[in-house]
Participant: 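Provided herewith is a single structure, encoded as structure tokens, for subsequent inquiry.
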Amino acid sequence: MKAQPPASHFIDGEYVEDINGAAFDSIYPATGEVIARLHAATPAIVDKAIASAKRAQGEWAAMSPTARGRILKRAADIMRARNRELSELETLDTGKPIQETIVADPTSGADAFEFFGGVAAAALNGDYIPLGGDFAFTKRVPLGVCVGIGAWNYPQQIACWKGAPALISGNAMVFKPSENTPLGALKIAEILFEAGLPKGLYNVIQGDRTTGPLLVNHKDVAKVSLTGSVETGRKVAGAAASQLKHVTMELGGKSPLIVFDDADLESAIGGAMLGNFYSTGQVCSNGTRVFVQKGIKQKFLSRLKERTEKIIIGDPMVEETQLGPMVSRAQLDKVFAYIEKGKAEGATLLTGGGIPNDVSAEGTYIQPTVFADVTDDMTIAREEIFGPVMCVLDFDNEDEVIARANGTEFGLSAGVFTSDLTRAHRVVDRLEAGTLWINTYNLAPVEVPFGGSKQSGFGRENSLAALNHYTELKSVYVAMSPVQAPY
Ligand code: NAD
């Protein structure tokens with residue numbers, strides 16, 4: 001299987017190569033096969049991408065939002081028409097099963113282009129402020145050249161979630177995908193160009209943690225939006241702060257999912273499984289600390305074990321497959337090390353913990369894993385594992401579980417399952433997180449703001465709120481009578 005793009009980078013409306021950049025392979029995680037060979041961006045490529053974005057941005061910003069939106073909506077249509085092809089590429093890039101990518105990846109990217117393409121004509125208006133004779137008005141203006149840096153779990157979605165609000169607001173974007181998943185973003189750039197986006201406005205360059213800082217520190221970059229780990233977030237936000245650049249930080253989590261004993265059991269188990277095993281557990285907002293009220297613990301665990309052991313693991317290109325491999329060998333090793341720590345620290349391994357049968361030995365597969373009797377102090381309950389490892393913790397009452405759920409440096413997401421409506425609202429009010437769910441988990445439609453609090457980051461993606469992070473306000477005071485100077 002090959003997925004070799006014409007060249008490593010997409011700049012100024014065309015594929016560009018610079019073989020002086022360090023070569024790296026793109027690997028299909030299900031088989032270990034090399035599917036493409038690319039080169040990281042050299043400083044010359046970074047300069048070229050930013051210069052082209054800077055050249056293009058002024059004219060783009062001068063277009064009406066409706067005209068810009070028309071292009072984004074056309075890109076959404078192209079993505080939907082090519083959903084199968086893009087989903088297969090996403091599966092090759094990430095190892096996620098086609099069953100998921102076909103409904104969750106290009107489609108959610110297309111949603112972002114469609115949503116921002118549609119709403120912007122009204123959403124980018126300013127305000128009129130009456131001042132009793134005089135008046136003022138505000139204009140919402142773009143920031144300039146914005147940089148997007150992506151993680152490897154949702155490469156196409158992240159490329160669109162950053163690109164759509166940036167472009168509709170009149171900015172140009174230079175996007176760097178994760179070195180683990182370099183392919184999807186190139187296709188997004190191609191499609192935007194095909195939809196009529198003028199060249200230079202969405203450039204994609206490749207590279208890793210050594211390339212990212214070249215973008216972040218570049219003098220012509222006004223804003224950086226990162227999706228990545230907290231550790232990377234601290235570095236990127238620190239570098240951006242030293243030059244007073246705008247930032248959006250979409251970082252990691254260790255989110256609580258609370259199941260009260262009056263919850264619909266099957267629904268809560270389904271939510272917990274989706275919130276731990278979807279995308280082989282590689283989802284930032286996963287509810288990896290599942291707090292289960294003691295009264296239903298045994299029932300919950302026995303049905304959870306039964307349902308987890310039925311998950312179909314295998315070739316991600318087969319429609320029936322429900323769980324694919326992890327993105328890389330390094331990530332797999334990291335997850336196995338956490339599983340060993342869980343056992344060593346006394347958690348009960350309810351199911352999983354090993355390599356599944358009947359999968360390619362070169363693939364980076366792991367069984368969906370559940371630990372029970374997990375306590376707050378265990379490493380697996382404190383650190384983000386980023387793999388299909390669910391920790392089930394017991395609790396007695398509402399006050400106790402809220403204090404424990406909030407007892408983390410992270411604050412990305414949280415969920416509660418209960419049939420008591422007032423309790424559900426009371427609990428979400430007290431949980432410290434940016435994105436919360438009642439009686440479901442991990443749904444992130446484009447209409448709803450998405451993002452974290454505490455160490456999980458700041459800024460919001462999706463919804464009209466994202467536009468605030470890609471624009472700034474200009475206030476204009478208009479005098480209607482001569483100046484009355486006292487001297
Ligand atoms: P990572 O932090 O290792 O890398 C993220 C990106 O940052 C990559 O493109 C990488 O090349 C780049 N990078 C690394 N160091 C850099 C630096 N010093 N300067 C500039 N760029 C740098 O993260 P990952 O392993 O790719 O992804 C997993 C992490 O992402 C998890 O912590 C997960 O929770 C988080 N994530 C968050 C969200 C969200 O929306 N909150 C979504 C997906 C993933």
Side-chain angles (χ1 to χ4, degrees), residues 29 95 151-153 180 228-234 251-259 272-292 297 300-301 304-305 308-309 311 313 323-357 359 361 363-395 401 403-415 452 454-456:
W152 39 257
N153 57 345
N180 286 313
S229 61
V230 172
E231 190 193 345
T232 304
R234 289 198 181 108
L251 309 177
K254 190 77 198 176
S255 301
L257 193 165
I258 303 171
V259 183
M273 290 173 74
L274 281 168
N276 278 274
F277 302 145
Y278 204 71
S279 297
T280 320
Q282 303 162 112
V283 181
C284 53
S285 49
N286 271 355
T288 46
R289 290 183 296 145
V290 179
F291 290 93
V292 178
K297 175 181 173 182
F300 185 94
L301 289 177
L304 173 63
K305 178 172 159 60
T308 300
E309 288 171 358
I311 289 177
I313 308 169
L323 195 94
M326 305 238 37
V327 76
S328 67
R329 182 73 47 195
Q331 188 62 20
L332 182 74
D333 292 345
K334 194 177 140 194
V335 175
F336 275 130
Y338 274 114
I339 290 173
E340 288 314 310
K341 258 190 202 150
K343 290 189 213 161
E345 291 180 13
T348 308
L349 182 64
L350 185 72
T351 184
I355 297 171
N357 299 326
V359 289
T364 41
Y365 284 93
I366 181 169
Q367 289 173 322
T369 300
V370 180
F371 278 109
D373 306 314
V374 177
T375 54
D376 298 343
D377 56 330
M378 290 180 184
T379 309
I380 55 170
R382 286 186 289 107
E383 296 181 10
E384 184 183 45
I385 299 174
F386 223 58
V389 181
M390 186 193 305
C391 295
V392 179
L393 305 93
D394 318 331
F395 75 94
V401 76
R404 289 172 58 200
N406 288 337
T408 167
E409 60 171 353
F410 299 110
L412 187 56
S413 308
K454 295 160 81 175
Q455 296 295 296
S456 294

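Predicted model, so just to flag it, every value in this text is computed and none were measured. Counting from 1, the numbers follow the sequence of the chain as shown.
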Participant: Side chains of D377 and T375: is there a donor and an acceptor less than 3.5 Å apart?
Facilitator: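 Checked: D377/T375 side chains pair up, N/O donor to acceptor below 3.5 Å.
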Participant: For T280, give me all partners under side-chain contact (heavy atoms from CB on, under 4.5 Å), at least two apart in sequence or on another chain.
Facilitator: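 Listed in chain order: Q282, L323, M326, I366, P388.
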Participant: At what distance, to the nearest 0.5 angstrom, does NZ of K334 lie from CD of E383?
Facilitator: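 Result: 9.0 Å between the selected atoms.
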Participant: Going from CZ on F371 to CG on L349, what distance comes out if it is rounded to the nearest 0.5 angstrom?
Facilitator: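 Nearest 0.5 Å value for the CZ-CG distance: 5.0 Å.
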Participant: Quick one: are V259 and F291 in side-chain contact, heavy atoms under 4.5 Å?
Facilitator: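 No, side chains not in contact.
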Participant: Between N276 and V290, is there a side-chain heavy-atom distance shorter than 4.5 Å?
Facilitator: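 In contact.
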Participant: Among residues at least two apart in sequence or on other chains, which ones pass side-chain contact (heavy atoms from CB on, under 4.5 Å) with P325?
Facilitator: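 Partners of P325 by the side-chain contact (heavy atoms from CB on, under 4.5 Å) criterion, ordered by chain and then number, come out as P29, A30, P316, T364, Y365.
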Participant: State, to 0.1 Å, how close F395 and R404 come at their nearest heavy-atom pair, and which atoms those are.
Facilitator: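 F395 and R404 have their closest heavy atoms at CB-NH1, 3.7 Å.
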Participant: So which heavy atom on I380 is nearest to which on Y338, and how close?
Facilitator: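 Scanning both residues completely, I find the closest heavy atoms to be CG2-O, 3.3 Å.
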Participant: Closer than 4.0 angstrom, basic N to acidic O: yes or no for E345 and R382?
Facilitator: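 No, E345 and R382 are not salt-bridged.
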Participant: Residues two or more places apart in sequence or in another chain: which of them pass salt bridge (Lys or Arg N to Asp or Glu O under 4.0 Å) with K297?
Facilitator: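 Once residues adjacent in sequence are excluded, the partners of K297 under the salt bridge (Lys or Arg N to Asp or Glu O under 4.0 Å) criterion are D373, D394.
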Participant: Please list, chain by chain and in numerical order, all residues satisfying side-chain hydrogen bond (donor to acceptor under 3.5 Å, both in side chains) with K341, sequence neighbours excluded.
Facilitator: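 In terms of side-chain hydrogen bond (donor to acceptor under 3.5 Å, both in side chains), with neighbours along the sequence ignored, K341 is linked to no residue.
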Participant: Determine, step by step, whether L412 and K454 satisfy the side chain to side chain contact (heavy atoms under 4.5 Å, CB included) criterion, reporting the C-alpha distance in whole Å, the side-chain angles of both residues, the deciding distance to 0.1 Å, and the verdict.
Facilitator: CA-CA 8 Å; L412 187 56; K454 295 160 81 175; over 6 Å; no
Participant: Where the side chain of S255 meets the backbone of G287, is there a donor-acceptor pair that is under 3.5 Å apart?
Facilitator: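 No; judged by distance alone, with no hydrogens or angles, the pair does not exist.
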Participant: Do T308 and M390 have side-chain heavy atoms sitting under 4.5 Å apart?
Facilitator: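 Counting from C-beta outward, T308 and M390 never come under 4.5 Å.
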Participant: So which atom in N180 and which in W152 form the shortest heavy-atom distance, rounded to 0.1 Å?
Facilitator: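 Looking at all heavy atoms of both residues, the closest pair is ND2-CD1, 3.1 Å.
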Participant: Answer yes or no: is there a side-chain heavy-atom contact under 4.5 Å between M273 and I311?
Facilitator: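 M273 vs I311: side chains touch.
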Participant: What is the minimum heavy-atom distance between T369 and G352, and which atoms define it?
Facilitator: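 Answer, listing the atom of T369 first, then G352: OG1-C, 3.8 Å.
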Participant: Any non-hydrogen side-chain atom of Q455 less than 4.5 Å from a side-chain atom of R234?
Facilitator: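 When only atoms from C-beta onward are counted, R234 and Q455 do touch, with a gap below 4.5 Å.
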Participant: Which pair of non-hydrogen atoms, one from L301 and one from V392, has the smallest distance, and what is that distance?
Facilitator: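 Scanning both residues, the minimum pair turns out to be CD2-CG1, 3.9 Å.
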Participant: side-chain contact (heavy atoms from CB on, under 4.5 Å) with L251: which residues, sequence neighbours excluded?
Facilitator: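 Testing L251 for side-chain contact (heavy atoms from CB on, under 4.5 Å), a comparison that skips the adjacent residues, returns L226, V230, M249.
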Participant: Do you know which two heavy atoms are closest between S413 and S285, and how far apart they sit?
Facilitator: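 Scanning both residues, the minimum pair turns out to be OG-CB, 3.1 Å.
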Participant: Out of curiosity, N286 CG to F386 CZ, how far, rounded to the nearest 0.5 Å?
Facilitator: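 Reported to 0.5 Å precision, the distance equals 7.5 Å.
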Participant: Of all residues at least two apart in sequence or in a different chain, which pass the side-chain contact (heavy atoms from CB on, under 4.5 Å) check with K305?
Facilitator: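 Residues passing side-chain contact (heavy atoms from CB on, under 4.5 Å) with K305: E309, L350, T351.
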Participant: What distance separates M378 CE from R289 CZ, expressed to the nearest 0.5 Å?
Facilitator: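 The CE atom of M378 sits 14.0 Å away from the CZ atom of R289.
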